[in-house]
Amino acid sequence: MLKTISEKKAEAILAENSPWIQTLSERYRIPQAVIKAILYMEMTGMDIMDPIADAVVRTGLFSKKDSSTGYAQIFGWVGIKAVNFAADRGMTDYEKLHIPSDRRLDPLNQDDVRLMWKYLRSDKKANMEVAVLNMLCAAEEMTGRIDFSSYSEEELKLVLTRYNADTDHITGYGEEAYRHYLRYLESEKKESV
């Protein structure tokens, strides 16, 4: 697999976006280390097929309307579900997110999926914010709550897994993401000393 973002480049992107990640952490009460772990996993998991899939969606070839896109590798339909989840709980809304729609989007409507995909593709900060909303959605789905400070190690691994896969058991992705979470958590502790 030919990677498009190296580990070093992923770390540089995270460092460059550190103020935004901190803002998202504070806004949605989700640890920065969790956000960084997911972004790192998604960025370093991108291969040459990802930009090709994005190009196919962008040009509308083969009637393809959706692909995982941006640093957080989110599908348009997943973004819609995450935004609707957050809007239903009063965490944010379409206007605050600057989503170009005057109505609630439907993840089953191909035009809505394409609109969300374009939004996620065109704005890196929006892509990361919707990723955080997806993490919150995954957290509630897997644990019944969105209080990251209350999760056991197994619950957090399950939430990290769910970000990437529609499953109810911990996968290798969740295990690896958890290791990165611990690494970023340790780094944050050292920086605060």
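The structure displayed is predicted, hence computed values, not measured ones.
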Establish, for the pair R162 and Y173, whether the NZ or CZ atom is under 6.0 angstrom from the six-membered ring centre and no further than 45 degrees off its axis.
no
Nearest heavy-atom approach of N127 to I74 is O-CD1, 3.5 Å
Could you check whether R145 and S150, counting side-chain N and O atoms only, form a donor-acceptor pair closer than 3.5 Å?
yes
Where do G45 and K3 come nearest, in terms of heavy atoms and distance?
CA-NZ, 3.9 Å
Where do D93 and L97 land on the side chain to side chain contact (heavy atoms under 4.5 Å, CB included) test, with the steps shown first?
CA-CA 6 Å; D93 59 41; L97 294 171; over 6 Å; no
Side-chain heavy-atom pair K81, L133 within 4.5 angstrom cut-off
no
Output for pair (T143 OG1, E141 CD), nearest 0.5 Å, gives 10.0 Å
Evaluate side chain to side chain contact (heavy atoms under 4.5 Å, CB included) for Y28 paired with M135, printing each intermediate quantity in order.
CA-CA 10 Å; Y28 296 110; M135 287 177 220; over 6 Å; no
Report yes if the side chains of E153 and Y178 come closer than 4.5 Å at any heavy-atom pair, otherwise no.
yes
Among E188, E11, E7, which residue meets the salt bridge (Lys or Arg N to Asp or Glu O under 4.0 Å) test with R183?
E11
Can you tell if the side chain of W77 reaches within under 4.5 Å of the side chain of L108, non-hydrogen atoms only?
no
Provide the full list of salt bridge (Lys or Arg N to Asp or Glu O under 4.0 Å) pairs with a residue in residues 18-35, sequence neighbours left out, each pair given once.
R27-E129
Could you tell me whether the side chain of I21 reaches within less than 4.5 Å of the side chain of L39, counting heavy atoms only?
yes
Is there a donor-acceptor contact under 3.5 Å linking the side chains of N164 and E42?
yes
